[in-house]
Amino acid sequence: MSKGTVVLAYSGGLDTSCILVWLKEQGYDVIAFLANIGQDEDFDSARKKAENLGAKKVFIEDLRSEFVEHFILPAVQANAVYEDRYLLGTALARPCIARRLVQIAQKEQAEFISHGATGKGNDQIRFELTSYALYSDVKVIAPWRIPEFYNRFKGRKDLMEYAQKNDIPLPITPKAPWSMDANLMHISYESGVLEDPKCSAPTDLYLMTKNPDEAPNVPDVLEIEFKNGVPIKVTNVKAGSSKDKPLEMFMYLNEIGGKHGVGRIDIVENRFIGMKSRGIYETPGGTILLQAHLDIETFTMDKEVRRIKQGLGIKFSELVYNGFWYSPECDFLLHCINKSQENVEGKVQLSVYKGQVYILGRESPKSLYNEDLVSMDKQGDYDPCDASGFIRVNAVRYVRIKSRGTL
């Protein structure tokens, strides 16, 4: 007799394929769910594989546009960066996947959800906090925290032997000596040979970006237009081509950034569960957008508002990294950050070249920049010999902001 129905966050890889069969062994009916969030995957083969392994149903859904519009772009508005360097590619993808996982569980009246996240990582928390926030009665089966499972499968060798015994197709290509997670925003690499923090990344590790030394000798010049802190158009100035749909814009920025080797970082970060880990990341499109947004935001946002907003962005990044996307405090921060972006509007021109993003110029109808006031060749409204000059400058600032209707 079945113990009930479980919806498994399925990747098609060795781990979740073994988990699918193991869950059936435990007496569960298994529904497999695979999200397309921009990874390089043969989705038809993954569907057939899950069906052949005994999945009761298989859901494969394209969440790329949802991922960009509902998760990546709010992070752009926030200038979201965890511990000064990590642009949160995996942390943003998990609540997107988990939300749909829960929706399928509710639709199929499944009591359980399951995932293949390790007991040492952050993803288990991200999946489960999202699940409990959106479906409070759901029960989570986390095999890598169940002694019966992790004592049986102590490493990849044990999984391979189990796969052979249960007719689970094995990977055809040799496994790289590190683990990798890919989505539309980034590729992350960790574990294996990378666990030695002094060991440099092998040159063949990077899949999303070209080595900057081998990148083109001619830069790409882009113009990115923003409204309410969100990119609405990307134009290649030299080619004269443009993109204006969120998914197409982001994919194009990935293409340009990858071509020029932009967005590589090698860091040691603090995991939520209390350990440091070494990770290598490629985030080409996200890096370009971060630099462009920082520039237009500084150009159009009041100094004191931006100072407060910077603190909110840091807190938002911590909440996202730790899996609290659907928490009340994160919802509150998203509202505050969205409010701060009302006048973040205009165009930024930049050059992408040899691993770097260079800002070339900016313009905005909402600019707070006063050329007459700042000019070294004009006195303007500022009197450096009188403290009242500083007061007048701030009075002008308040008047200009009020005229925009934001006070």
Side-chain angles (χ1 to χ4, degrees), residues 37-38 64-82 84-93 96 183-188 208-209 219-237 241-265 281-301 306 309-310 312-314 316-317 320 334 337-338 340-341 343-353 355-364:
I37 50 170
R64 291 176 300 165
S65 291
E66 181 178 327
F67 181 35
V68 173
E69 294 173 35
H70 297 169
F71 296 89
I72 294 177
L73 294 186
V76 170
Q77 289 180 304
N79 300 322
V81 182
Y82 178 70
D84 304 316
R85 292 183 288 178
Y86 173 42
L87 271 63
L88 298 164
T90 299
L92 289 166
C96 178
N183 63 47
L184 189 66
M185 188 171 184
H186 82 171
I187 300 179
S188 66
M208 203 172 184
T209 58
D220 274 285
V221 176
L222 305 179
E223 181 178 83
I224 303 179
E225 183 175 354
F226 289 86
K227 189 172 180 62
N228 296 323
V230 170
I232 59 171
K233 189 176 183 180
V234 175
T235 301
N236 188 308
V237 175
S241 58
S242 62
K243 308 287 183 184
D244 59 8
K245 293 182 173 57
L247 178 57
E248 291 179 1
M249 284 190 294
F250 201 81
M251 292 177 68
Y252 182 67
L253 290 172
N254 274 341
E255 177 189 335
I256 296 298
K259 168 181 159 185
H260 290 280
V262 166
R264 294 183 176 189
I265 61 168
Y281 301 96
E282 299 177 274
T283 317
T287 300
I288 295 172
L289 275 182
L290 173 65
Q291 296 304 318
H293 182 265
L294 280 167
D295 191 80
I296 197 67
E297 184 178 84
T298 304
F299 193 51
T300 56
M301 186 179 288
R306 189 168 187 276
K309 191 261 180 180
Q310 281 181 293
L312 297 180
I314 292 170
F316 172 77
S317 302
V320 172
L334 280 167
I337 290 166
N338 192 54
S340 77
Q341 300 296 292
N343 291 298
V344 179
E345 177 181 335
K347 299 175 182 178
V348 178
Q349 279 206 1
L350 52 86
S351 169
V352 187
Y353 182 65
Q356 298 295 324
V357 179
Y358 300 98
I359 302 296
L360 302 177
R362 77 288 293 160
E363 60 179 311
S364 171

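Along the sequence shown, the residues carry numbers beginning at 1.
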Please enumerate all residues that pass salt bridge (Lys or Arg N to Asp or Glu O under 4.0 Å) together with Arg362, with sequence neighbours excluded.
Asp295

Looking at CZ of Phe67 and CG of Asn183, how far apart are the two atoms once the value is rounded to the nearest 0.5 Å?
4.0 Å

Under the salt bridge (Lys or Arg N to Asp or Glu O under 4.0 Å) rule, collect the residues that match up with Lys227, sequence neighbours excluded.
Glu345

Contact check, side chains of His70 and Cys96, non-hydrogen atoms, under 4.5 Å
no

Under the rule for salt bridge (Lys or Arg N to Asp or Glu O under 4.0 Å), what residues qualify as partners of Glu297, not counting sequence neighbours?
Arg306, Lys309

Test of understanding: with ring pair (Phe, Tyr, Trp, His ring centres under 6.0 Å), list the residues that count as partners of Phe250, not counting sequence neighbours.
none

I need the minimum non-hydrogen distance between Ala93 and Ile37, along with the two atoms involved.
CB-CD1, 3.8 Å

Least distance between heavy atoms, Gly38 atom then Arg64 atom
N-CG, 3.6 Å

Run the side chain to side chain contact (heavy atoms under 4.5 Å, CB included) test against Thr283 and tell me which residues pass, sequence neighbours left out.
Leu87, Met185, His186, Tyr281, Thr287

Atom pair CE (Met249) and CG (Leu289), whose distance is rounded to the nearest 0.5 Å:
8.0 Å

Scanning both residues in full, the closest heavy-atom pair of Asn254 with Gly286 reads OD1-N, 4.5 Å

Salt bridge (charged side-chain N to carboxylate O under 4.0 Å, His left out) pairs touching residues 252-262, sequence neighbours excluded, are Asp220-Lys259

Under the side chain to side chain donor-acceptor pair (under 3.5 Å) rule, collect the residues that match up with Tyr252, sequence neighbours excluded.
Asn236

Thr209: side chain to side chain contact (heavy atoms under 4.5 Å, CB included) partners, not counting sequence neighbours
Tyr206, Arg264, Glu282, Pro284

Evaluate the side-chain proximity of Leu253 to Val352: yes if any heavy-atom separation is below 4.5 Å, no if none is.
no

Measure the spacing between CZ of Phe299 and OG of Ser364 and express it to the nearest 0.5 Å.
6.5 Å

Does any non-hydrogen side-chain atom of Gln356 lie less than 4.5 Å from one of His260?
no

Measure the spacing between CD1 of Ile232 and CG of Leu73 and express it to the nearest 0.5 Å.
12.0 Å

Set out, in order, the CA-CA distance, both residues' side-chain angles and the distance that settles side-chain contact (heavy atoms from CB on, under 4.5 Å) for Val344 and His293, then state yes or no.
CA-CA 9 Å; Val344 179; His293 182 265; 4.1 Å; yes

Considering residues at least two apart in sequence or located in another chain, which fulfil the side chain to side chain contact (heavy atoms under 4.5 Å, CB included) criterion with Lys245?
Glu248

State the CD1-OH distance between Ile265 and Tyr86, to the nearest 0.5 angstrom.
8.5 Å

Gap between atom CE of Met301 and atom CD of Gln310 - 0.5 Å precision
9.5 Å

Listed by chain and number, what are the side chain to side chain contact (heavy atoms under 4.5 Å, CB included) partners of Ala292, not counting sequence neighbours?
Ile224, Phe226, Val348, Leu350

Listed partners of Tyr82 passing ring pair (Phe, Tyr, Trp, His ring centres under 6.0 Å), at least two apart
Tyr321

Flag the pair Val320 / Leu92 as yes when at least one side-chain heavy-atom distance between them is below 4.5 Å, and no otherwise.
yes

